[in-house]
Amino acid sequence: MPGGRLTHEDRRRIAAWLAEGLGYAEIGRRLGRPTSTISREVARNGASGAYLAERAQQAAGHRARRRKTARPAESTADGQTEVVRGFVERFATLLAATGLPRMTARVFVCLLTADADGLTAADLVRRLRVSPASVSKSIGHLEAMELVVRRPDPGGRRERYFVGDGVWLRAWQTDTGAHGEIAAAAQRGIEIFGAETAVGARLGEMGRFFAWLSEQMSDSLVAEAVAHDALTVLAALVHAGRPLTLATLATALGWPPDRTVAALEAIDRRPAIADPLALRTIGPGTYTLIARTDRLSPAQREALGT
């Protein structure tokens with residue numbers, strides 16, 4: 001279950017929902033909190049049956065100031081600040097609204113905001129204040145979606161979890177593939193029910209929409225991925241400040257040669273990608289960047305001494 005203290009916004013929502021007549025269980029469900037948390041909050045901060053968010057927030061602030069602990073007030077036991085913990089909870093709520101299970105969303109955002117070393121399952125349990133089983137189930141879900149990878153913990157028996165490289169590209173590819181499968185399934189349905197039936201007509205409309213969506217996303221995906229690689233190649237040439245061979249570029253970027261070639265070809269096909277620079281081949285498989293001469297008038301070039 002979600003941990004952390006109730007925020008001012010949480011208390012405003014509780015007050016509003018109580019005024020609408022919602023019960024503690026429903027309010028807890030909407031906030032992703034146990035029913036007991038809501039009942040304790042209202043019992044502690046309600047007066048004569050009235051719960052006021054501002055007064056409850058002030059009372060909570062007074063109680064927090066009275067607690068004297070050895071660690072800084074802004075940090076929790078696991079080293080997270082309350083600001084970070086609040087961000088994780090709010091971001092997870094947004095992801096859950098897109099269909100990702102709430103617990104899985106919390107684990108994902110926790111990993112997304114972790115250091116480069118990633119987190120172990122024990123770290124996640126401690127930070128999220130949930131059971132090991134909840135973490136294990138969520139990790140399995142994220143791995144199945146290829147959003148998270150695991151690696152051995154150096155010098156230990158535990159495994160560490162990370163948000164993998166290229167995660168958003170894979171997520172997009174997954175969605176694109178799913179759209180294509182829906183279009184194919186709709187076509188099979190048309191064959192079963194018949195194109196002339198009302199069911200066939202509905203499936204036909206559905207199939208055409210998802211086929212179009214899959215095609216559009218695939219084309220956009222390829223174009224965006226290659227364009228992104230092209231910009232990376234341009235940045236590498238600018239950073240090096242000297243001509244580079246294809247082999248040197250591929251090695252420095254950690255890419256296979258065919259990916260590097262595709263990026264260079266994209267720049268050649270679409271010179272605007274490099275504007276106001278231009279890619280030039282100055283030898284067998286050797287590339288450099290120059291300023292686009294058409295960006296300057298003859299008078300401007302003369303004034304610059306070129």
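Residue numbers start at 1 and run along the sequence shown.
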(message) Between Val88 and Arg85, is the side-chain contact (heavy atoms from CB on, under 4.5 Å) condition met? List the steps.
(response) CA-CA 5 Å; Val88 169; Arg85 187 179 293 281; 5.7 Å; no

(request) Output, in order, the C-alpha distance, side-chain angles, deciding distance and verdict of side-chain contact (heavy atoms from CB on, under 4.5 Å) for Ile14 and Leu6. (result) CA-CA 10 Å; Ile14 290 172; Leu6 291 171; 4.2 Å; yes

(message) Evaluate Tyr24 against Leu18 for side-chain contact (heavy atoms from CB on, under 4.5 Å), listing each step before the verdict.
(response) CA-CA 8 Å; Tyr24 296 159; Leu18 285 172; 3.8 Å; yes

(request) Could you walk me through whether Leu124 and Leu111 pass side-chain contact (heavy atoms from CB on, under 4.5 Å), step by step? (result) CA-CA 8 Å; Leu124 288 165; Leu111 290 171; 4.2 Å; yes

(request) Show your working on side chain to side chain donor-acceptor pair (under 3.5 Å) between Thr248 and Thr245 and close with a plain yes or no. (result) CA-CA 5 Å; Thr248 301; Thr245 65; 2.8 Å; yes

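Cation-pi contact between Arg280 and Tyr287: absent, since separation from the ring centre below 6.0 Å together with deviation from the ring axis within 45° is not met.
For Arg160 (side chain) and Asp117 (main-chain N/O), a donor-acceptor pair under 3.5 Å exists by modelled atom type. Side chain of Thr197 to backbone of Phe193: a donor-acceptor contact under 3.5 angstrom is found. No side-chain donor-acceptor contact under 3.5 Å links Asp268 to the backbone of Glu265. Using modelled atom types, no side-chain atom of Arg29 and backbone atom of Pro34 make a donor-acceptor pair closer than 3.5 Å. Under a 3.5 Å cut-off, the side chain of Thr251 and the backbone N or O of Ala247 do form a donor-acceptor pair.
Ion pairing of Asp275 with Arg292 is present here, as a side-chain N (NZ or NE/NH1/NH2) and a carboxylate O approach within less than 4.0 Å. One finds no salt bridge joining Glu9 and Arg90 here, because no Lys/Arg side-chain nitrogen approaches an Asp/Glu carboxylate oxygen to under 4.0 Å. Taking 4.0 Å as the cut-off between side-chain N and carboxylate O, Glu89 and Arg106 count as a salt-bridged pair. Taking 4.0 Å as the cut-off between side-chain N and carboxylate O, Glu26 and Arg30 count as a salt-bridged pair.
Put simply, the side chain of Tyr161 does not reach to within 4.5 Å of the side chain of Thr120, judged on heavy atoms. Side-chain contact check for Val107 versus His141: every heavy-atom pair is 4.5 Å or farther apart. Counting only heavy atoms from C-beta outward, the side chains of Ser134 and Met103 approach each other to under 4.5 Å. Residues Leu277 and Val238 form a side-chain contact, since some pair of their non-hydrogen atoms from C-beta on lies under 4.5 Å apart. No side-chain heavy atom of Thr7 sits under 4.5 Å from any side-chain heavy atom of Arg11. Side-chain contact between Trp17 and Arg13 is present, with heavy atoms from C-beta onward closer than 4.5 Å. Side-chain contact between Phe162 and Val148: absent, with no pair of heavy atoms (C-beta onward) separated by less than 4.5 Å.
When each of Leu237, Ile290, Val233, Thr288 is checked for a side-chain contact (heavy atoms from CB on, under 4.5 Å) with Leu279, only Leu237 meets the rule.
In the hydrophobic clustering of ILVMFWY residues, with side-chain heavy atoms under 4.5 Å counting as a link, Val163 and Leu94 come out apart. Hydrophobic clustering of Ile, Leu, Val, Met, Phe, Trp and Tyr side chains at less than 4.5 Å, counting indirect connections, keeps Val226 apart from Leu249.
No side-chain donor from either of Asp229 and Thr232 sits under 3.5 Å from a side-chain acceptor of the other.
Nearest heavy atom pair, residue Pro243 against residue Thr286, reads CB-CG2, 3.8 Å. Here the closest heavy-atom approach between residue Ala274 and residue Ile267 is recorded as CB-CG2, 4.2 Å. Ala96 approaches Arg102 most closely through the heavy-atom pair CB-CA, 4.1 Å. Nearest heavy atoms, Leu119 versus Cys110: CD1-O, 3.8 Å. Residues Pro257 and Leu246 come closest through the heavy atom pair O-CD1, 4.4 Å. Closest heavy-atom contact between Trp255 and Ala263: CZ3-CB, 4.4 Å.
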